[in-house]
> 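For reference, the structure I am asking about is given below.
Every heavy atom of this structure was used, including side-chain atoms; hydrogens, water molecules and symmetry mates were not. All values derive from a computational prediction rather than experimental measurement.
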Amino acid sequence: MRLIEAVRGIALEAGELILALRDKSLASVKTKPDESPVTEADIASNELIVRRLDELKIAPVISEEGMNSTETLEQFWLVDPLDGTKDFVAGKRSFVVNIALVEKRKPVLGVIYAPMLQEIFWAEKGQGAFKVSMPGPKKSVFNKSERNELRAVASGSLLTTRMQKVLDSLPIQRLERFGSALKMCRVAEGAADFYPRFGPTHEWDTAAGHVILNEAGCKLIDMETGRDVEYGKRDYKNNGFIASRMNLDLWPTIRKLRDQS
């Protein structure tokens, strides 16, 4: 079995576990030190994914809900076992499972599974990006859009006044808001043109979506440097970023608007 097939299987298994624990998890939501929610489904999904990845004997696992190593690693897994927990708790459908493999600071394999939507996206470096809306067929994912009236996606719970001012200054025809890395998938498949994020995230939030974006003709740009987001930082924290189709250069404009807001 190819590695990507094994990882897709792990993501699907984790997603089904999350659904099985949904009602029980919503009855016992806890709060982490950073005030973000965590549920039994987060923990159970994490335990399953880490165990399955360890069985593959490829690389160490860095996870939101588990081991957060500070050592420098050339190759490692990044896992968010339930990305979009706020949406999950609110009864929304956009939460996902994120699994990515990073080599030399770049994600080279990624899977994102939205169990409520029954959509799974995946990509390997140099092999293209793909999607299945179950029980449908596998489809290639690539953003070929050249439209000028833009479609944007943004975080459902973190649309600050500053972000709203920036978005109001851009030629946006349509804006959708929801949590999770599914926003990156919407950019990758061409349903949206860009996704800006000012606030900090962690590497496990973006790595799987990053390789899917890259293989779909898109990019993920660090808001501070204007270069590709990199991985393996000591605290596993990202700056703000912009995910967009490759032929759309919004970084100078958004960075300027942000600083003026």
Side-chain angles (χ1 to χ4, degrees), residues 6-71 73 75-102 107 109-116 120-121 155-158 178-184 197 199-211 229 231-238:
V7 178
R8 285 206 313 269
I10 294 169
L12 289 168
E13 189 178 358
E16 298 316 305
L17 178 61
I18 290 168
L19 295 183
L21 293 172
R22 184 172 173 82
D23 291 343
K24 185 178 180 181
S25 294
L26 296 183
S28 58
V29 180
K30 298 180 181 179
T31 302
K32 294 191 287 189
D34 64 0
E35 298 187 356
S36 64
V38 63
T39 70
E40 184 173 332
D42 292 80
I43 303 304
S45 175
N46 182 74
E47 291 175 350
L48 185 152
I49 294 169
V50 171
R51 184 169 67 252
R52 293 284 189 261
L53 291 177
D54 283 344
E55 290 170 357
L56 296 176
K57 301 185 185 303
I58 300 293
V61 181
I62 309 300
S63 170
E64 179 177 15
E65 306 301 342
M67 167 186 152
N68 294 329
S69 171
T70 58
E71 63 180 306
L73 301 170
Q75 184 186 53
F76 56 97
W77 296 101
L78 281 170
V79 172
D80 192 336
L82 202 172
D83 181 32
T85 302
K86 288 182 180 179
D87 281 11
F88 175 73
V89 170
K92 298 178 181 179
R93 296 160 55 87
S94 54
F95 59 90
V96 298
V97 175
N98 293 338
I99 305 175
L101 180 64
V102 173
L109 177 154
V111 175
I112 294 179
Y113 175 43
M116 284 290 288
I120 186 165
F121 294 79
S155 298
S157 60
L158 295 171
F178 52 91
S180 88
L182 188 63
K183 294 187 289 295
M184 295 184 185
R197 174 68 182 253
T201 59
H202 285 90
E203 294 180 3
W204 46 75
D205 296 311
T206 61
H210 193 165
V211 66
V229 173
Y231 297 83
K233 298 180 287 293
R234 182 164 292 274
D235 57 4
Y236 298 100
K237 289 184 179 179
N238 296 322

> Can you tell me how far the CG atom of Asp205 sits from the CG atom of Asp80, to the nearest 0.5 Å?
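CG of Asp80 is found 5.5 Å from CG of Asp205.
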
> Looking only at heavy atoms, what is the nearest atom pair of Ser45 and Pro81, with distance?
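Answer, listing the atom of Ser45 first, then Pro81: OG-O, 2.8 Å.
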
> Can you check whether Val79's main-chain N or O pairs, donor with acceptor, with Asn98's side chain at less than 3.5 Å?
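No.
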
> About how many Å separate CG of Leu17 and CZ of Arg22, when rounded to the nearest 0.5 Å?
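That separation rounds to 13.5 Å.
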
> Got a second to check how far Ile112's CD1 is from Ser180's OG, nearest 0.5 Å?
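One finds 7.5 Å between CD1 of Ile112 and OG of Ser180.
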
> Listed by chain and number, what are the ring pair (Phe, Tyr, Trp, His ring centres under 6.0 Å) partners of Phe121, not counting sequence neighbours?
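For Phe121 there are no ring pair (Phe, Tyr, Trp, His ring centres under 6.0 Å) partners, ignoring immediate neighbours.
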
> Mind checking the CG-CD1 spacing from Leu56 to Ile10? Nearest 0.5 Å is all I need.
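The distance works out to 4.5 Å.
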
> Say whether, by atom type as modelled, one donor and one acceptor occur between the side chain of Asp83 and the main chain of Ala181 under 3.5 angstrom.
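Yes; at least one donor-acceptor contact below 3.5 Å.
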
> Is Lys233 close enough and on-axis enough to Tyr231, meaning under 6.0 Å and within 45°, for cation-pi?
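The answer is yes; both the distance and angle limits are met.
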
> To check you understand the geometry: which heavy-atom pair defines the closest contact between Ala208 and Val111, and what is its length?
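Looking at all heavy atoms of both residues, the closest pair is CB-O, 3.7 Å.
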
> Going by heavy atoms in the side chains, are Ile62 and Val102 under 4.5 Å from each other?
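A side-chain contact is absent here, since even the closest heavy-atom pair is not under 4.5 Å.
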
> CD1/Ile49 to CD1/Ile99 distance, rounded to the nearest 0.5 angstrom?
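Taking CD1 in Ile49 and CD1 in Ile99, the distance rounds to 4.5 Å.
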
> Can you find a pair of side-chain heavy atoms, one from Lys183 and one from Ser155, that are under 4.5 Å apart?
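Yes, their side chains come closer than 4.5 Å.
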
> So Val211 and Leu109, do their side chains get closer than 4.5 Å, heavy atoms only?
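Not touching, per the 4.5 Å side-chain cut-off.
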
> Might you point out which heavy atoms bring Val7 and Trp77 nearest each other, and give the distance in Å?
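Smallest heavy-atom distance, with atoms named: CG2-CH2, 3.6 Å.
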
> Could you note down all residue pairs passing side-chain hydrogen bond (donor to acceptor under 3.5 Å, both in side chains) where residues 7-20 supplies at least one of them, sequence neighbours left out?
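Listed by first then second residue: Glu13-Arg52, Glu16-Tyr113.
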
> As an exercise, state the distance from CG of Leu21 to CG of Leu26, rounded to the nearest 0.5 Å.
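With rounding to 0.5 Å, CG (Leu21) is 10.5 Å from CG (Leu26).
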
> Please report the closest heavy-atom contact between Pro37 and Thr85, naming both atoms and the distance.
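Reported closest heavy-atom pair: O-CG2, 3.6 Å.
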
> Taking the side chain as every heavy atom from C-beta outward, state whether Phe95 and Val89 have any atom pair closer than 4.5 Å.
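When only atoms from C-beta onward are counted, Val89 and Phe95 do not touch, as no gap falls below 4.5 Å.
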
> What side-chain hydrogen bond (donor to acceptor under 3.5 Å, both in side chains) pairs are there with at least one residue in residues 23-32, not counting sequence neighbours?
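Only Lys24-Glu40, Lys32-Glu64, Lys32-Glu65 qualify under side-chain hydrogen bond (donor to acceptor under 3.5 Å, both in side chains).
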
> Treating Asp42 as the side-chain partner and Thr39 as the backbone partner, does any N or O pair qualify as donor plus acceptor under 3.5 Å?
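The answer is yes, because a donor-acceptor pair under 3.5 Å joins these two groups.
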
